Amino acid sequence: MSDKQSQDQSPMQDHYSHASIESQVQKMWEDNKSFEVTEDPDKEKFYCLSMFPYPSGKLHMGHVRNYTIGDVISRFQRMQGKNVLQPMGWDAFGLPAENAAIKNKVPPATWTDTNIADMRAQLKTMGFAYDWSRELATCKPDYYRWEQWFFLKLFEKGLVYRKKATVNWDPVDQTVLANEQVVDGRGWRSGAIVEQREIDQWFLKITAYADELLDDVRKLEDWPQQVRTMQENWIGRSEGIELEFGLEHTEETLSVFTTRPDTLMGATYLAVAPQHPLAERAAVENPDLQAFIEECKNMKATEAEMATMEKKGFATGVSAIHPISGESVPIWVANFVLMSYGSGAVMAVPAHDERDWDFAKKYKLNINQVITSANETVANSINIEEGAYIEKGVLINSGEFSGLTSQEAVDGIANFLQEAKKGRKTINYRLRDWGVSRQRYWGCPIPIIYCDDCGAVAVADEDLPVELPTDIEFDESGSSPIKKMPEFYEVPCPKCGKAATRETDTFDTFFESSWYYARYTGPDNDKSMLDERADYWLPVDQYVGGIEHAVLHLLYARFFNKLMRDEGLIEADEPFTKLLTQGMVLADTFYYENEAGGQEWVAPKDVTLDTNEKGKVTKMTDPQGRALKTDGMSKMSKSKNNGVDPAELIQKYGADTLRVFSMFAAPPDQSMEWSNTGVEGANRFIKRLWRQVYEHVNSSTAPTTNKIDSAFEDLSNLHQELRRKVYTTLEKVTDDMTRRFTFNTAIAANMELINELSKFNEKGSQADAVRQEAFKTIVLMLSPVMPHVAQELWVKLGNEGLVMDQDWPESDEDALVQSNIQMMIQINGKLRGKVDVAVDADDKKVEALAMENENVKQFIEDKTVRKVIVVKGRLINIVAN
RNA sequence: GCGAGAGUGGCGGAAUUGGUAGACGCGCUGGUUUUAGGUACCAGUAUCUUAGGAUGUGAGAGUUCGAGUCUCUCCUUUCGCACCA
């Protein structure tokens, strides 16, 4: 780019006017294509990605916060000399577009396109450093054709399969509902009670990668511990044994899974899930049992209550044979046993499991203690009639296994069962295979054709993409229009040519968001999904997004990354090296009670607050004079009417103010409380900096060039102190930006420096040179946060070019040198004085100086000094009594 | 119930390695400028106080010359999982 273009020779305005600055600076970036990047093997790359938004129509504060964090990191890394990629796109498939289509009679594609255009314009007003040439939208065929292609690769490899799974069926609208469309067990439009139906759906074998996903999540050291733990729990690996109980009077067996084989000898009954085949068979001749099973099935609705729900059971009348003792153990149906985990049946050891104990007490089943503690005192305190003993210990009442420790018994019993062919060691996962079929319209079509003769057949490569028809109309039922479009689904079989039927289901939208980060590296490629550019940019160095994606999105993206690696498309094992999960944006909530006793929520901007002389709020009123109540801070939402529109604030204060406030109010990973007065404070800060630079520029006798080093010879103390403050601030800010990611303290440190600078009233060319250096450094340090005003001030300070292309300032050792430091004097750990000492003074000298302090003398007058501790450069603690 | 985190002025938050608690900002109080409001600027703002100090980081104990920070017990709260055998 030409430097000329960025030079504005007009005189500096005495006041800060955000509107003209921001539009001019943004235009300059756009004209210069400042954020377009290409692969440069000579430069270190940095790929910074923020989670792409769903194009709902308007930017909200959560977006502003998320994208500002990513942008600050990107711009900082750019100043560190990295080749920075920061792309943006749209997670464009999804249910809201269908809802809008029904409501407004607009096709989802049109609605989505309009929203993307609006939101793109809004993002641009925020001045984010995105490479817009890489923009992608997941609803476009040039994007989703590659996931269709990839799905078929997985199909070939046997990593996808079809099986029956339950869906929510609305019997009135005759359509499948997404979980979000089921409200209190009823269809959201029809109000009909939703039924569960079993239909064939496609699954991805994520369980085949369970071990690798678990092992590798433990290696992601730059991810928040919380997210790693959540993923570990989600995968939920547990080691144990699967064993067979023979059924009495038949040849059949019942398989159960346990992680505590050491307690096997204490198993006094078995419990199976209500859906278990054995339960259903036993119910055929037992109407009471049948009724119990039905009752359990209907309890499904509220999952939250499930955990606290009363444990209930019903005897099947069938008994099993204990695989070791040969004793008869009754089989029960229990409402707490899950059909979906393990084999849907458990062995119950009431002596050593709380839930089994409760159940046994309730139904008067045997409780046999088989574990005791190695510690005699503990062992004597165990009373199995009072409660279960769940610790591991030493086996008793266990025949040949008695005396073994739990640890030894696990292997011993497992080996015994294995040899008897009655069991084997096994690993169970909580993780289920990923069902990717959705019976919705607005999604990527699944590229499969069903033929009566050939079965499920892949769409031929040359027929990809299977394009989703966009010229459609929704009827009142809300069911997918392509399910009623013969021109879409009537196709010949790709194998035999016979008339066949195209799949009309679409992919779960998590499918699109699982690989978009990789596609940004080559979004223009119409020959392949990814190319060699992917290996230049991947993995993503910094990923920024909401904690709500801690499990599903991040797990699926990690899974896809491994799938793509195994397909030879990329090299990296993991997609995201560092992860930053930003906190929620909260705002005050206010309401009054209406006549019906309901809550009417009042927008925070319409509320007047009265305070007492300490600033504590004493009264809240709305414009009609109604006294209001508050429900505290909660996440900005429509339902509580406490949202704040970023567009209005950009208009009023400018993007830089919004950026400064959202970075300053809280550390990025914590929730942030919105405050309108806080925004004004951020704006005041920028205006103050502007005015100070204005006064400096207009009164300066110093050279406005930056050749000021010669001016720093023989500086006075005051001058030296200011320079030291500049460079201690720089060191702190650099640390905050690189290591800590605490942008709030980085901004605070700059505020502190600016406050010092405003008190620095020295005159003369040396003072001006010191000031010039200080302002220049401040502008560089703040430019990632407030890039527009920083650019303008950069030029007004007499510099050339783009501030964002400058190197991050280097520390100056000379400026940091100090001859004297202040040390604290404590007596018995309490602060009693301060003393200035030479930096190189030894401990004896320091101690002597401290003893001379008047206040210290007073305090130790009638005491004996026992000990003196000198912590170099910090404090002296005198221990006396 | 299990797991992880948090608790500091009127509020958001700072204190990074055990070493000046309350940086920075908001709010509030007083003042200057202004016809006035707003803006801007200046000063003050943890609590008690006999004005020497004393107390103070959810509560209680402990380790230490010294604890917001480390250990233990308890309380409150946020988030996640939720009968996972």
Side-chain angles (χ1 to χ4, degrees), chain A residues 15 224-230 232-234 236 238 240 256-260 263 271 303-309 311 334-338 340-349 353-356 358-359 428-430 547-548 550-551 583-584 586 588 609 611-618 633 660-661 664-667 670-682 684-685 687-688 691 732 735-736 739-740 742 744-755 758 822-831 833-834 858 866-869 871 873-880:
Chain A
H15 67 280
Q225 186 55 51
Q226 190 196 6
V227 175
R228 291 160 68 191
T229 308
M230 281 164 73
E232 283 175 23
N233 293 343
W234 189 265
S238 57
V256 306
F257 174 73
T258 180
T259 53
R260 289 292 304 273
T263 66
E303 283 197 6
E305 287 166 18
M306 292 255 296
T308 49
M309 202 167 69
K311 311 276 176 285
N335 64 351
F336 60 83
V337 180
L338 304 174
S340 57
Y341 187 77
S343 58
V346 296
M347 67 175 210
V349 185
D353 181 281
E354 280 178 29
R355 197 184 43 203
D356 294 345
D358 290 343
F359 194 85
N428 254 309
Y429 297 93
R430 208 190 79 99
I547 186 77
E548 67 273 20
V551 179
M584 290 187 297
L586 312 178
D588 280 309
L609 300 175
T611 57
N612 65 14
E613 69 285 352
K614 280 201 171 168
K616 193 170 184 171
V617 174
T618 51
M633 286 275 174
V660 168
F661 176 71
F664 178 65
Q670 283 178 32
S671 60
M672 175 188 114
E673 300 190 358
W674 191 260
S675 146
N676 284 328
T677 51
V679 178
E680 279 170 27
R684 198 148 49 223
F685 163 68
K687 287 196 286 191
R688 225 170 57 220
R691 198 173 44 249
K732 182 189 168 36
D735 186 41
D736 286 350
R739 185 177 61 86
R740 301 211 309 153
T742 49
N744 55 329
T745 53
I747 295 170
N750 272 292
M751 289 174 166
E752 236 182 291
L753 175 56
I754 290 165
N755 289 346
S758 72
Q822 194 180 50
M823 287 177 75
M824 304 301 122
I825 309 171
Q826 293 182 340
I827 295 170
N828 295 331
K830 285 195 174 134
L831 181 66
K834 296 171 187 180
Q858 257 184 44
R866 302 283 172 197
K867 198 173 173 186
V868 178
I869 291 146
V871 183
R874 285 200 181 266
L875 56 76
I876 306 110
N877 191 14
I878 300 162
V879 186

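Each chain gets a letter, A, B and so on, in the order its sequence line appears, and its residues count up from 1. Bear in mind the structure is a predicted one, so any value in this text is a computation, not a measurement.
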Practice problem: Would you indicate which nucleotide in B:G19, B:A85, B:C65 comes nearest to any side-chain atom of A:R874? | Solution: B:G19

Quiz item: Looking across every strand, which nucleic acid part, if any, lies under 4.0 Å from A:D353 by heavy atom: base, sugar-phosphate, or nothing?
Solution: nothing

Quiz prompt | Watson-Crick or G-U counterpart of B:U39, or none if no pair lies under 3.5 Å | solution = none

Quiz item: Of the nucleotides B:C24, B:U55, B:G80, which has the atom closest to the A:M230 side chain?
Solution: B:G80

Quiz item: Going by atom types alone, do A:R688 and A:N755 pair a side-chain donor with an acceptor below 3.5 Å?
Solution: yes

Quiz item: Heavy atoms under 4.0 Å, any strand shown: does A:M824 hit a base, just sugar-phosphate, or nothing?
Solution: base

Quiz item: Ring centres of A:F664 and A:F685 under 6.0 Å apart?
Solution: no

Quiz prompt | Nearest-angstrom distance from the residue atom CG of A:L609 to P of B:G10 | solution = 18 Å

Quiz prompt | G-U wobble or Watson-Crick pairing nucleotide for B:G1 (cut-off 3.5 Å, both distances) | solution = B:C81

Quiz prompt | Nucleotide nearest A:I869 (side chain, heavy atoms from C-beta), chosen from B:C84, B:G19, B:A23 | solution = B:G19

Quiz item: Which is true for A:S671 with a 4.0 Å heavy-atom rule: it touches a base, it touches only sugar-phosphate, or it touches nothing?
Solution: sugar-phosphate

Quiz item: Taking atom P of B:U39 as reference, at what distance in whole Å does atom CZ of A:R684 sit?
Solution: 7 Å

Quiz item: NA contact type, A:G342, heavy-atom cut-off 4.0 Å: base, sugar-phosphate, or nothing?
Solution: nothing

Exercise. Would you mind pulling out the nucleotide paired to B:U55, Watson-Crick or G-U wobble, both distances under 3.5 Å?
Key: B:A46

Quiz item: Got a sec: does the CZ of A:R874 have more than 12 other heavy atoms crowding it under 6.0 Å?
Solution: no

Quiz prompt | Pair partner, B:A21 [Watson-Crick or wobble, under 3.5 Å] | solution = none

Exercise. Provide, to the nearest angstrom, the distance between the NZ atom belonging to A:K867 and the C1' atom belonging to B:G19.
Key: 15 Å

Exercise. Indicate, with a heavy-atom threshold strictly under 4.0 Å, whether A:N744 touches base, sugar-phosphate, or nothing.
Key: sugar-phosphate

Practice problem: For A:R739, report the nucleic acid contact type (base, sugar-phosphate, nothing); a contact means any heavy atom under 4.0 Å. | Solution: base

Practice problem: Output the single nucleotide from B:G12, B:C84, B:G13 whose closest atom is nearest the side chain of A:R430. | Solution: B:C84

Quiz item: What nucleotide among B:G13, B:U16, B:G19 has an atom nearest to a side-chain atom of A:R740?
Solution: B:U16

Quiz prompt | A:P667, nearest nucleotide to its side chain (from B:A14, B:G25, B:A23) | solution = B:A14

Quiz item: Applying the side chain to side chain donor-acceptor pair (under 3.5 Å) test to A:T745, which of A:D736, A:D735, A:N750 qualifies?
Solution: A:D736

Quiz item: Which part of the nucleic acid, if any, lies within reach of A:K732 when heavy atoms closer than 4.0 Å are counted: base, sugar-phosphate only, or nothing?
Solution: base

Quiz item: How is A:Q826 classified with respect to the nucleic acid when contacts are heavy atoms under 4.0 Å: base, sugar-phosphate, or nothing?
Solution: base

Self-check item: Touch class at under 4.0 angstrom, heavy-atom based, for A:V871 against every strand present
Solution: base

Practice problem: Look at the side chain of A:E673 against the base of B:G13 and say whether a donor-acceptor pair falls under 3.5 Å; ignore hydrogens and angles. | Solution: no

Practice problem: Determine the contact category for A:V349: base if any of its heavy atoms lies under 4.0 Å from a base atom, sugar-phosphate if only primed atoms, P, OP1 or OP2 are that close, otherwise nothing. | Solution: nothing

Quiz item: Given B:C84, B:C83, B:C41, which nucleotide is nearest the side-chain atoms of A:R691?
Solution: B:C41

Quiz item: What nucleotide, of B:C81, B:A15, B:A85, holds the atom closest to the side chain of A:T745?
Solution: B:A15

Self-check item: CZ-CD distance between A:R430 and A:E232, expressed to the nearest 0.5 angstrom
Solution: 13.0 Å

